[in-house]
Amino acid sequence: MALLPILCYPDPKLHKVAKPVVAVDARIQSLVRDMLETMYEAKGIGLAATQIDVHERVIVMDVSEDRDQPLVLINPELVWTSPTRHINEEGCLSVPGIYDGVERFDAVHVTALDDRGQSRTIEAEELLAVCIQHEMDHLMGKVFVEYLSPLKRNRIKTKMIKAKREEER
């Protein structure tokens, strides 16, 4: 297993749309293991392959309190969304230190393959539903700050660019 570098906003690679996984093979299973290790090490609850510059439809997450219930979604598709929405405070491993409110569906149903290539349907609400929607956005090339006002987004972009410059010194 290996820790993978996480792209930081405003890296343009975060805006690439991920392609479907053709086969859940040893390469994808290895990717999933590395993504889980990277997510846990970064203290995140979700990670999309796009965030590590792999543009395939793979998501890992674990919203459990003990961090011992990993969930793998390969080629996820939303098949149902609740009629109600809620504003939730979100953060992102690609936008470290930034949190803001984003409106999401209260509940979703998603179909996906697991890390063995088995099809499954997940009925999610609360934090899991938010996490699924957030990570699926990454697969479509969208970062949560794009839901914010242009002013907030530009401030975040400036802050992230400045932080990267200081880190490179």
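As the structure is a prediction and not an experimental result, all values here were calculated from the model.
- Side-chain atoms of Gln133 and Glu90, non-hydrogen and from C-beta on, never get closer than 4.5 Å to each other.
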Show which side-chain atoms of residues 160-169 pair as donor or acceptor with protein atoms under 3.5 Å away, not counting sequence neighbours.
none

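- In this pair, Tyr9 and His15 present their aromatic rings perpendicular. The plane angle is above 60°, beyond the 30 to 60° band.
- In this structure, the side chain of Thr38 engages the main chain of Asp34 through a donor-acceptor pair within 3.5 Å.
- When hydrophobic residues (I, L, V, M, F, W, Y) are linked wherever their side-chain heavy atoms come within less than 4.5 Å, the members clustered with Met140 are Val17.
- For the atom pair NZ (Lys13) and CG (Leu7), the distance works out to 5.5 Å, reported to the nearest 0.5 Å.
- Within the 4.5 Å cutoff, side-chain heavy atoms of Cys92 are placed close to those of His138.
- Cluster partners of Val63 are Ile45, Ile59, Met61, Leu71, Leu73, Leu78, Phe105, Val108, Val110, Ile122, Leu127, Leu128, Ile132, Met136, Leu139, counting Ile, Leu, Val, Met, Phe, Trp and Tyr whose side-chain heavy atoms approach within less than 4.5 Å, directly or via other members.
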Would you mind writing out the side-chain donor-acceptor pairs for residues 148-158 within the sub-3.5 Å range, not counting sequence neighbours?
{"unit_1": "Ser149", "atom_1": "OG", "unit_2": "Lys152", "atom_2": "N", "d": "3.1"}
{"unit_1": "Lys152", "atom_1": "NZ", "unit_2": "Asp100", "atom_2": "OD1", "d": "3.3"}
{"unit_1": "Lys152", "atom_1": "NZ", "unit_2": "Asp100", "atom_2": "OD2", "d": "3.0"}
{"unit_1": "Arg153", "atom_1": "NH1", "unit_2": "Glu146", "atom_2": "O", "d": "3.3"}
{"unit_1": "Arg153", "atom_1": "NH1", "unit_2": "Leu148", "atom_2": "O", "d": "2.8"}
{"unit_1": "Asn154", "atom_1": "ND2", "unit_2": "Pro150", "atom_2": "O", "d": "3.3"}
{"unit_1": "Thr158", "atom_1": "OG1", "unit_2": "Asn154", "atom_2": "O", "d": "2.9"}

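- Contact of the Glu103 side chain with the Ile87 side chain is registered, since non-hydrogen atoms from C-beta on lie closer than 4.5 Å.
- Side-chain heavy-atom separations under 4.5 angstrom define the hydrophobic clusters, and the remaining members of the one that includes Leu113 are Leu4, Ile6, Val21, Val24, Ile28, Leu31, Val32, Met35, Leu36, Met39, Tyr40, Leu47, Ile52, Val54, Val58, Val60, Val72, Ile74, Leu93.
- A donor-acceptor pair is defined here as one N or O able to donate and one able to accept, closer than 3.5 Å; no such pair exists between the side chain of Asp66 and the backbone of Ser64.
- For Asp106 and Thr84, the side-chain atoms include at least one donor-acceptor pair closer than 3.5 Å.
- Between the side chain of Glu37 and the backbone N or O of Ala2, at least one donor-acceptor pair lies under 3.5 Å.
- Applying the 6.0 Å contact sphere to CD of Glu65 captures no more than 12 heavy atoms from other residues, nucleotides or ligands.
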Let me see the working for Glu135 and Asp137 under side-chain contact (heavy atoms from CB on, under 4.5 Å), right down to the final yes or no. CA-CA 5 Å; Glu135 300 307 333; Asp137 274 354; over 6 Å; no
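- Among residues two or more places apart in sequence or in another chain, the salt bridge (charged side-chain N to carboxylate O under 4.0 Å, His left out) test is passed with Glu41 by none.
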